[in-house]
Each structure stands twice: as C-alpha cells, then as structure tokens.
Amino acid sequence: MIPGSSQPSGTTATQSLPKPTSDAAVADRGAAAIVSGALTTAVGAAGIAVGIAALGGSTAVGHVDWLFPLVGVDWRLTGLGGFFALLTGAVALAAGCYTVGYARAERIGRFPLAMLPLFAAALVAVPLAGSVPTFLLAWELMAATSTVLVLADHRRAAVRVAGLQYAVLTHLSYAAILVGLLLLAAVAKTADLGALTGAAASLPAGTRTVVFLACLIGFGTKAGLVPLHAWLPRAHPEAPSPVSALMSAAMVAMGCYGVLLVAVGILGPGPRWWGLLVLLVGIGSAVFGVLHASVTSDLKRLLAYSTTENMGLVMIAVGAAMVLAGSDRPDIAAIAITAALIHLCTHAAFKTLAFLAAGSVLVATGLRDLDRLGGLARPMPATTIGFGIAGLGAAGLPVGAGFVSEWLLLQSLIHYPRGADTVMALVIPLAMGAVALAIGLGVMTMVKAFGVGFLARARSPEAMRAREAPPTMLAGMGIAALACLILGLAPGLLNPAVRAAAADLPFAAVPIGAAMLRLPEGLGSIAPGLLALALVVAIALATVLVRRPTQSRPVERALWACGADTLSPRMQYTATSYAQPLQRVFDPILQPETELRVGTAPQSRYVIQQASYRSRAQDAIERRMYLPVVQGVRTLSSWVRRAHTGSVQLYLAMGGAGLLATLLITR
Amino acid sequence: MSGLPLLVAAAQAAGVLLAAPWVIGVMRQVHARLQGRVGAGIGQPWRDLRKRMRKQQIRPTGTTVVFLIAPAVIAGSALLVAAVAPLITTESALDPIADLFAVVGLLLIGTVALSLAGLDTGTAFGGMGSSRAIMIAALVEPTLLLAVFALSIPAGSSNLGAIVSTTARDPAQILTVPGALAFVALIIVIVAETGRLPVDNPSTHLELTMIHEAMELEYAGPRLALMEWAGGMRLTVLLALLANLFFPWGIAEPGAGALAVLVAAGAIAAKVAVLACMLAAAEVFMAKLRLFRVPELLAGSFLLALMAVGTSSLLLPAGG
C-alpha cells in the first residue's frame, strides 16, 4: 500500500464535476454520455475492422509524418497485432454501448467521458504500432488516459489512493519498457518493429538479456503479474465499470502482447531460463490471484484478482511454449501458444461481461460489497444471467467460455516431453498443480460471487430496492454474453485469427476444427458443442425421470426456520463467512486481518449489545515488498530535504556549483 | 460410428441409473450387519425413491429457478459421465467427451449446481452446507485432476478410454510408485467427493457437522428423490471409474462382440459391488473428522497426487 491519501495527489485530474442542479445539466450530461459511448463503440468497430483486415493477410505499412513531431507515426498490420486489435476492439464495442447508460446513471464527469474514446483508441493503436517511438507513444497515451479514467470519481479517498498507486506503477513499468525498447533499437540500429525481428538475432547476449528482463518487468506490470500486480486489485475496482472492463479485459492483454511481441517474437527463441522465468511467474500469479479472489468480498476486487490469475494461466502457456520453442517438439509448443491466445480471447469475453454486470449491480444498488448484496436474481434477471454466463466461463467449467483454453493448456502440460530435462520434470508437475488449483479455487470464487451476490435474499435495503439496468447497458452486456457463448461452444471460429497471430511468432498454431478440437497425432480431442448438447439432453432425461403424468405444479411453502418464527436475511451466510473455511485452510498465505468490535451495555460490560466482525485478507507481497520500498524512498527524501533550508543564497550557490560541475564533465 | 458403442453408452447410463440405489442399499446393509443390526435390506433406497416420487412438489418461498433445476443438473451430469466413461468398453460412442478434464468438469458442474441450490434458499443451513461443500470441492478437484494426470502420462493421452486400455494391456505399469500414489489420492478424493466418512456422514442430520445434507434440507418429494438418486449415481460412477483405472480386467476392447460386452458388464458390476462393500466396511471403523481437519486430509491427498505426477515424469522412461 502506498500511503497516498495523506499527500496531495501527484497526478491531477482536478476537473470539478458540475453539480446536478438543473434539468439542462442532466440533459447535457446525457448527451455527453451518448457522444462518448458512440465514439468508443465506433473506435471498437474500427478496431475490429482493422484487426480482421490484418488477420486476413493484409500487411500494409504506413507513415504519418504530421501527427507527431520529429519522428511521425508508423503503423503496420501484422497477424499478431491484428489479433490484439480485434480483441480490444470487441471489448471497446461492448463497453462503449454500455457507457451510454452507465455514465448517465453514475454521473460521470465530462472530462473522463472525453478520455474514454481516447483510451479505447490508444488500446487499439498499441498493437498497430509499427515502430518503437509509435509503440511508446501509444503505450503512454493508454497509460495516461487510463489514469484519468481511474480517477473519474476522485472525490473518494480510496479512488485517489488507487489512482496514485496506479500512476506510479504504470509509469515505473513505462520506464522499464522505455529502457528495454530504446536499448534494443539503439543496439540494433533500427526502430522499425518489423526490421527489429531480423536484427535482434545478431545482438550480444548481454543486451538481449537486459532487454528481455526490462520488458518482462514493464509488460508484466501491465499484465498484473505477481509480484508487480499491486495496482491491479486497487485500480480496476475503483474505475468506472466500463473502464474496469476495458482495463481488465483489454489493457492487461496489452501486457501479454508486449511479452509476445518482444520476448517471443523479436528476441526469441532465447535461452531456456527465459521461458522458465515466465512459467514460474505465471504459476505464482495464477495461484496468488485465485487465492485472493476466493476470499475477497468486494465484487469488483474479486474480478480484478481473477484477472491476475488468468494472466498467470496465459503466462504458464507462454512460458511452456518458450521453453519448447527451440526443441524438437514444436507441436507441443504450438498447443501451448494456441492455449495462450485462445485464453486471452475468452478471458476478454467473460471478464468484460463480469465487470459490466458488476457495474449494473453498482448502478442498481450502489454496492460492491457481496456481504450486503443478495437476492438480485428476481429484480435483475438479465444481469443475473449475464453474470452467470461470465462466472461459468471464469470457472473453466465445461460449456463455459474458459473451458477450451484451459483444456488446451492442460493438454500442453500433459504431453510435455519427458526425460532429459530434470528441471522441467520438476516444474511441469508444479505448473499442472497450479492450473488444477486455480481451476478448483476459481470455481469456488465464482460460486461465491454468483450465489451470494445474486441468489438467496437481499442482505441490505439497497439490495432490496435494486432495479434492472437500462437497455443500453443490457445491450453492452448482451454483446459480451454472445461472445462468451460463441467462444464456449464453437471456439473453432477463432482458428484463422489464432493461426495468423501465431504465424508472426516462431510457432505454428494448432488447427482447431469448427466443432471439434483435435490435436495433431491423436494427442487428444474434445468437442465443446457436442458436450453442451449431450449435457442438455442428459439434464432433460433426468427431469423426465421423476416426472409423473398426474403430477401437479410445485406448491409454494415457507422455508423451514428451525422452529423459529421467521428467518431474517441476516441469518444467511455472507461472502465472508462463505469463504471462511477456505481462508482458514490458507491462513499462513493470506494472513487475514480480523477485526472484532463488541459493544457492551452501559450497565454491565458482560451484557453485549452489538458485535461486528470483519475479516480481510492482506496482500502479503504488497506488505513485504512495497512498504519497505516506500519507506526507503521516504528516508531518502528526508535526507534530501535537509538541503532545503529555505535560504535563497544557499540555493543559488548550489545551482552555481551544479552548473560548474556539469560544464566540467561535458567539457 | 457403429451402433454398438452407442448402445453400450446407453446401457452404461441405464445400468448406473438402476444400480445406484442398490449400491447405496448394499453399503447401508453392510453397515447395519457390522454394527449388529438387521438392516432394512438392500432394496430400501429403491422403496424410498418410489415413496418420494409420489409426494407433492414443494417450492420454498423466495427460491429461484436455480433451486428447481439443480437436482436435474446433478443427475444429468452424473448420467452423462456414466455414459461416456469407460465402464464396459474402452471405446466410447461420445469419444470427444470421454476426456479426463471434461469428466472432472462435468462432476464439478453437479457440485456447483448443488452448492448454488444450497445458497439459493437463503437459510443458514443451506449457506453453511454450501460453503463447506465448495471448500472441499475446491481442494478435491485439483487432486482428482492431478491423480488422473499421473495416470495419463504413461498413456500419453488424457482420454479415459486410452488410459484404461493402456493399463489393460500392461497391468504392471500400475504397480509403480506413481500408480500407488495416485490410487491412494483417488480413494481419498472419492470419499470426500461423495460425502462419505470420515469427511461427511451420509446417515445423519447432525446440525453442526453436516455438509451434503445441509444443502438438501429444503428439498422434498420428487426433487429430493432425484437429488438422492444423483448422489448414488455419482458414487457408483466414481467407484466404477476407480475400478477400471486400476483393475481394468474384463473390460471390452474396441470391436469386441456382444459376448465380451456382456462379460464386461458383469465384471464391472462385480467390481463396484466389491468396492462398495469394502468402503462400507471401512467406514464402520472410522469416526468423522472435525470439519477443519478435513482440509489436512485433502492437502495430504493433493500432495500425494502431485508427487504421483512428479515421480511419473521423473521416473518413467521418456516417450508418449
């Protein structure tokens, strides 16, 4: 945690929100929401169109001189870039549609609304960048606009802390990427991303290693990988929900794009420890992310931790592919890279839907705390179905969107060549265990979020008053839900996209049939559509099994109240109590912070009038790794502050001395 | 696709469907006899089912469609697993579904449906049972995946039919360190997954210790019947799978004739009966574990399964 709430915020997005006083102001904001949403949707549609063109084999390259001084802007269409442009475009399309209703309901200011299409455009621009300067420019545009968007609701202290932390970490990651890419371009003597691929092979090993590490740190931060994830579970929940969707589904994918572009595409195949490092980072992120997601009670924070988990799974696949890149088993590497690319797509689909549904809940109730939600299935059926589809996908269950990619990932690990390599013989089982654990705990997380948040009975008056979201928000969710269903039942539709993307990397992709996934050489096959159909038939059979022709419709009866008169909603399990058994199991890792407040009666301290209990898991990495750094910077700055005496003469003397020193050095 | 595998798949599903109440009945009878009681006879679960199916349907106030369809989802997923798993023959009519990961996922769908139904009632017991069941499922599922991974490494495939036929052709490979570790891990997993002792006691409604029963409290009539039936089917299918993964004798190979299929059906029935009796007999000598000791047991089995995968990738010769 960076204690930023007590300090003036470094990044200023101090645009005062117009107070909702008159009807004119409300209408004005409505118009702003429509314009912003429509522009974002248009950017998304453009991204999809460009992405499809690039995937279709178009390899146009262009240079726009006037757009940016000195270097201009270079763009190029590649399969890999097109894949990510398509992905971010689709997310922007759904989020843009959703924004129209959401911005009006949540009263988002005009400045953040103006930034939203720009953010979407930057997201689409990153994978289309053709040179290092353009890439860095688009990247910084993405970072800056998203910082403003995180701070949209800057009147709340939690948002300011999250925004500051995000701004610091995102710019540290930018610095790492800057160092890595500039070093690469300087040594290879070309800034063109296409030309770099060929030139990088002849670089000295030391340079390649430095570039790899710098890029892994920079892009890994953006992808929310452990241990550089700390900003993600703070910034994603605090941002407006369509922005959360864009960040969690599309922006983290940019981190993966960076790793694929630089570490795999330009530099690869590298030494074996590169892939091993990526694999281990992936294992750590998957387990850490899912553990925290499973015990978190904040709906959006839970989804944010789940993003770390899913990026961890992608990195496990990428790492496995990288280790195998130079070996004699390119077919297994192909399975792994296919798993990574498909998982990025499915994650984008279900995470967009989940964040948009969480946003609808936020609009309807003003709550993100699962402990106070519940009973939303009746007033908000469409949102409930949407979150259900997203949860099914996130849990990696059959019929859900995430099933196929996780199946492919596990296949690549099962078929991993054994024998010669002792290190991999130890790491691969570990990766399998991590993936299996991530799936098991992921199921629990999603059951908790869906069951506690949407089923049962309302736990607070706000949840009781919930109403269904407006049509534009439902339309945004509908687009994402459709994508989830299509990806879950017919992932073969992604086949051309995955193949074109993998062609830019030193891998081939596994061809996926439209209805049936069949791995080469009979390594395995699965038909998600057939599976869903068979399951529906089996469920129908089971329903018929106990049906009798004379049977009447179910009669409604009161719940059994254990002999008491009534059941109050407070007797239900909450999200915290739901996760408590699991939290107990993982106590040493989660180190929960429990708070028990007991209010006693004034007459006697043995008469308890009220008691409140709150338990929160702490981010151990954040506490162990970030706090010492923050403390160190503070100590350092207190040293520097000793020179700041307020004496102008001293400052002038120091300035003069500094100038002299500079002149001496540069002489 | 010839007709026989489809017929066999239907027969497997129907067999599990019909046998499940008897399996439960046999286990209860073994319990009763070992505890010195006469017992109700092995047909009692069937009589219970018949009685419940004639009763009125109830829908508790405030429940949603999730509560109503959960029993059918659990039963449907168990039926599908029964149809695709290599119980009688290694050749599955629905081969692309007979994948280890898909089967584990299908079983998990049943668990998820049950947990959601428990939460949906909005009662303290429903939530309690659901919370405990999902904690156990979250730890059991990785173990189950890992244990069968360990077995799938020698077969070079995660297709259940391929794993079983590899073992059938070369039974010696199951008597290895990974095989033994995976076997123990799988037994613990099956005990936990089906709510048997020492994880959960299927024959009590003790308020503070129950897991599975707590989620079903609000069910009555036909839906309760389906729920109990589905529980029996899951147990039967898992026992049959365990039997064939480690002792695949008698199973029909692809292209086998009708006689071989009949022999295989008899073999699997005998194996399940023996396993059910052994499980029931073992339960008599066991006390229920405290709920918070259960994760220790499951963590132990997870470790065993992880070691099984580790040793199989370290010790077994390269190939596959």
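When reading the values below, keep in mind they use all heavy atoms of this one structure, side chains included, and skip hydrogens, waters and symmetry mates.
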Between A/Arg457 (side chain) and B/Gly122 (backbone), is there a donor-acceptor pair under 3.5 Å?
yes

Side-chain (A/Arg378) to main-chain (B/Gly62) donor-acceptor, under 3.5 angstrom:
yes

Side chain / backbone / both / neither for [X] at chain A, heavy atoms under 4.5 Å:
X: B/Val73; result: both
X: B/Leu291; result: neither
X: B/Phe101; result: both
X: B/Leu116; result: both
X: B/Asp120; result: both
X: B/Leu49; result: neither
X: B/Thr143; result: neither
X: B/Glu141; result: side chain
X: B/Arg223; result: side chain
X: B/Leu145; result: side chain

Smallest separation among heavy atoms of [X] and [Y], with atom names:
X: A/Leu535; Y: B/Ser77; result: CD1-CA, 3.9 Å
X: A/Leu545; Y: B/Met53; result: O-SD, 4.3 Å
X: A/Leu531; Y: B/Ala102; result: CD2-CB, 4.3 Å
X: A/Tyr573; Y: B/Ser131; result: CE2-CB, 3.7 Å
X: A/Ala558; Y: B/Thr61; result: CA-OG1, 3.5 Å

Top contributor to chain A contacts, counting heavy-atom pairs under 4.5 Å, from B/Val294, B/Val65, B/Ile109:
B/Ile109

I'd like to know which of B/Ile136, B/Leu106, B/Asn159, B/Leu79 tops the heavy-atom pair count under 4.5 Å against chain A.
B/Leu106

Give, as side chain, backbone, both or neither, the part of [X] having an atom under 4.5 angstrom from any heavy atom of chain B.
X: A/Val555; value: both
X: A/Ala377; value: side chain
X: A/Arg584; value: side chain
X: A/Gln580; value: side chain
X: A/Ser577; value: backbone
X: A/Leu426; value: side chain

By number, which residues in residues 437-446 of chain A have some heavy atom less than 4.5 Å away from chain B?
A/Leu437, A/Ile439, A/Gly440, A/Leu441, A/Val443, A/Met444

[atom1] of [X] to [atom2] of [Y]: how many Å apart, nearest 0.5 Å?
X: A/Tyr578; Y: B/Ile134; atom1: OH; atom2: CD1; result: 5.0 Å
X: A/Leu455; Y: B/Phe67; atom1: CG; atom2: CZ; result: 12.0 Å
X: A/Leu559; Y: B/Thr121; atom1: CG; atom2: OG1; result: 6.0 Å

Please enumerate all residues that pass ring-ring contact (aromatic ring centres under 6.0 Å, His included) together with B/Phe302, with sequence neighbours excluded.
none

Which one wins on heavy-atom pair count under 4.5 Å against chain B: A/Val585, A/Leu541, A/Val435, A/Val536?
A/Val585

For residues 434-443 of chain A, the side-chain hydrogen bond (donor to acceptor under 3.5 Å, both in side chains) pairs (sequence neighbours left out) are none

Taking only distance into account, with no hydrogens and no angle test, what donor-acceptor pairs under 3.5 Å do side-chain atoms of residues 393-405 of chain A form with protein atoms, sequence neighbours excluded?
unit_1: A/Ser405; atom_1: OG; unit_2: A/His343; atom_2: ND1; d: 2.8
unit_1: A/Ser405; atom_1: OG; unit_2: A/Thr346; atom_2: OG1; d: 3.4
unit_1: A/Ser405; atom_1: OG; unit_2: A/Gly402; atom_2: O; d: 3.2

Would you say A/Gln411 and B/Ser158 are linked by a side-chain donor-acceptor pair, where the criterion is simply a distance under 3.5 Å?
yes

